[in-house]
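Just so you know, these numbers use all the heavy atoms, side chains as well, and skip hydrogens, waters and symmetry mates. Keep in mind that this is a model prediction, so the values were computed, not measured. So you know, we letter chains A, B, ... as the sequences are listed, proteins then strands, and number each from 1.
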Protein chains: 2
Amino acid sequence: MALAIKVNEETFTPRQQAVLTAALDLLVENGDGLTMTAVARRASCSKETLYKWFGDRDGLLTATVQWQAAKVRMPFVDRSHLNVKALRVSLEQFARDLLTTIIGEVSITLNRTAITHAAQEKDSLGNIVLENGPLAIRRRLKPILEAARDARLLRFPSSEEAYRTFFGLVVRDVQIRLLLGDKGLTQSNVEANIEADVKTATDQFLALYGAKASA
Amino acid sequence: MALAIKVNEETFTPRQQAVLTAALDLLVENGDGLTMTAVARRASCSKETLYKWFGDRDGLLTATVQWQAAKVRMPFVDRSHLNVKALRVSLEQFARDLLTTIIGEVSITLNRTAITHAAQEKDSLGNIVLENGPLAIRRRLKPILEAARDARLLRFPSSEEAYRTFFGLVVRDVQIRLLLGDKGLTQSNVEANIEADVKTATDQFLALYGAKASA
DNA sequence: CTGGAACCGTACCGTACGGTACGCCAGCGA
DNA sequence: TCGCTGGCGTACCGTACGGTACGGTTCCAG
């Protein structure tokens with residue numbers, strides 16, 4: 001029944017979603033020391049069912065990451081009436097969503113899992129995370145930037161450069177340090193500074209690419 | 001003979017360094033599918049020797065990462081006569097070193113290994129990479145920034161913020177995408193653009209924090 | 001020449017885990 | 001009530017790998 005293809009559809013039965021939730025919880029708790037036996041026990045299902053539904057361990061992992069990564073959805077921003085004020089709000093919203101996402105335990109776990117996976121010629125998980133992470137942001141942000149440029153609110157040589165600058169200004173070294181387990185960077189610690197960081201990043205971005213200096 | 005402590009010293013015999021080189025090569029090739037048997041075979045030594053020298057698998061891994069990470073040394077920049085021109089050269093040098101390091105296969109492997117390790121309550125490797133990576137840059141860059149501020153070349157509220165901005169402007173989303181195995185970002189592809197990226201990042205940094213607009 | 005230390009190569013052990021087989025029960029249509 | 005299907009629980013198998021033991025070789029000191 002095309003088990004390997006099943007993961008491409010986003011439709012999982014509630015029971016299957018319960019299994020995926022259990023898998024994700026174990027992933028967050030125990031790192032990628034995820035064992036089929038542990039998932040089966042946690043989800044109160046049999047290993048045979050796991051293999052029937054997901055094919056093999058990789059299939060389960062892929063389904064879990066896929067299912068969870070797809071949940072990260074950035075809210076759409078209003079693009080109809082663009083002015084300086086609205087643009088700033090939109091950018092701040094992007095920055096806020098990006099920051100809150102990457103400092104979350106789920107995001108850290110997913111990224112770590114995908115990176116571990118990528119360390120062994122398996123790039124499927126990495127692609128999923130990429131597609132739902134940085135590349136999703138890029139797809140969502142670029143139209144805004146280009147609209148703002150057309151409205152003479154921003155000025156940049158290429159929207160690609162502008163996107164990357166924005167990403168860098170927002171993320172800085174936070175993500176890599178969290179992925180590496182920097183204890184000097186607690187989640188709550190970063191969380192408390194989100195608003196300030198959001199404002200700083202937005203200010204800096206507008207200072208670099210804004211058509212007018214922001215008062 | 002204090003085997004576990006041996007790794008704290010940076011002194012390895014040539015034979016041991018050959019073993020570490022073999023381990024690193026395997027790490028780069030096969031990801032973290034590093035097995036003691038493989039290292040022994042590659043290094044033409046016995047497993048017993050590996051355990052004698054490094055204690056256990058983790059010890060070997062730690063020694064390898066430690067030894068390799070310590071090799072990443074940023075060249076010191078001249079801080080005696082600081083002017084706008086010299087500052088720009090220094091910043092560009094930092095950016096260039098940072099970028100070339102990050103996109104290297106060794107760096108990618110080390111970061112992946114440390115992140116994988118960090119995914120299992122083991123943060124030792126993460127700390128080593130952190131200490132020799134982002135934090136080393138910070139330690140090295142901050143004095144320059146502060147000297148430049150004292151010389152009225154830069155203006156910023158805190159050197160911490162300035163460092164993080166610089167890091168973000170230089171690294172952007174390159175590192176995370178490489179770690180995740182983004183195939184749309186080949187090493188040679190990035191390499192070709194290093195100089196342009198270095199200049200862009202430095203320009204942006206100076207635009208944000210420079211005391212005068214750079215002509 | 002001899003004893004010992006260091007080390008290579010390899011066989012071996014124990015365990016953990018991916019994957020499979022099987023017994024059992026619940027629900028359900030006939 | 002009977003039989004079938006789906007799924008739970010568990011026992012089981014094969015393998016890979018961390019770690020150990022041991023025989024053989026080289027080299028050096030005395």
| message | For C:dC8 and B:Arg15 - does any side-chain N or O of the residue sit under 4.0 Å from the phosphate oxygens OP1/OP2? | response | yes
| query | In whole angstroms, how far is the P atom of D:dG18 from the CG atom of B:Asp32? | reply | 11 Å
| said: Check A:Glu105 with A:Arg112, please: is the shortest side-chain N to carboxylate O separation under 4.0 Å? | reply: no
| request: Would you mind telling me which of D:dG18, D:dG7, D:dG9 lies closest to the side-chain atoms of A:Thr49? | output: D:dG7
| From D:dG7, D:dG19, C:dT20, nucleotide with atom closest to A:Trp53 side chain | D:dG7
| message | Whole angstroms only, please: what is the CZ-C1' distance between B:Phe54 and D:dG18? | response | 16 Å
| said: Using whole Å, what does the distance between atom C1' of nucleotide D:dG7 and atom CG of A:Leu50 come to? | reply: 11 Å
| CZ of A:Arg57 versus P of C:dG19: gap in Å, rounded? | 8 Å
| request: Specify whether B:Phe12 and B:Phe54 have parallel, tilted or perpendicular ring planes, treating 30° as the upper limit for parallel and 60° as the lower limit for perpendicular. | output: tilted
| task | In whole angstrom, give the distance that lies between atom OH of B:Tyr51 and atom P of C:dC8. | result | 15 Å
| said: Looking only at the side chain of A:Cys45 (C-beta and beyond, no hydrogens), which of the listed nucleotides C:dG9, D:dC8, D:dG19 gets closest? | reply: D:dC8
| Which part of the nucleic acid, if any, lies within contact of B:Arg41, taking any heavy atom under 4.0 Å across all strands shown: a base, the sugar-phosphate backbone alone, or nothing? | nothing
| query | How about A:Lys142: does its NZ atom have over 12 heavy atoms from other parts shown lying under 6.0 Å from it? | reply | yes
| request: Indicate, with a heavy-atom threshold strictly under 4.0 Å, whether A:Leu34 touches base, sugar-phosphate, or nothing. | output: sugar-phosphate
| task | Compare all side-chain heavy atoms of B:Leu60 with those of B:Trp53 and state whether any distance is below 4.5 angstrom. | result | no
| request: Find the distance B:Gln120:CD to C:dC17:C1' and express it as a whole number of Å. | output: 14 Å
| message | Just N and O in the side chain of A:Lys47: are any of them under 4.0 Å from OP1 or OP2 of D:dG9? | response | no
| request: Round to a whole Å and report the spacing from CE of B:Met36 to P of C:dC7. | output: 15 Å
| task | Can you tell me the distance, in whole Å, between the NZ atom of B:Lys52 and the P atom of D:dC22? | result | 16 Å
| Pick the nucleotide of DNA chain D nearest each of B:Thr37 and A:Ser46; which residue has the one closer to the 5' end? | A:Ser46
| B:Ile176 vs B:Asp182 side-chain heavy atoms within contact, under 4.5 Å | no
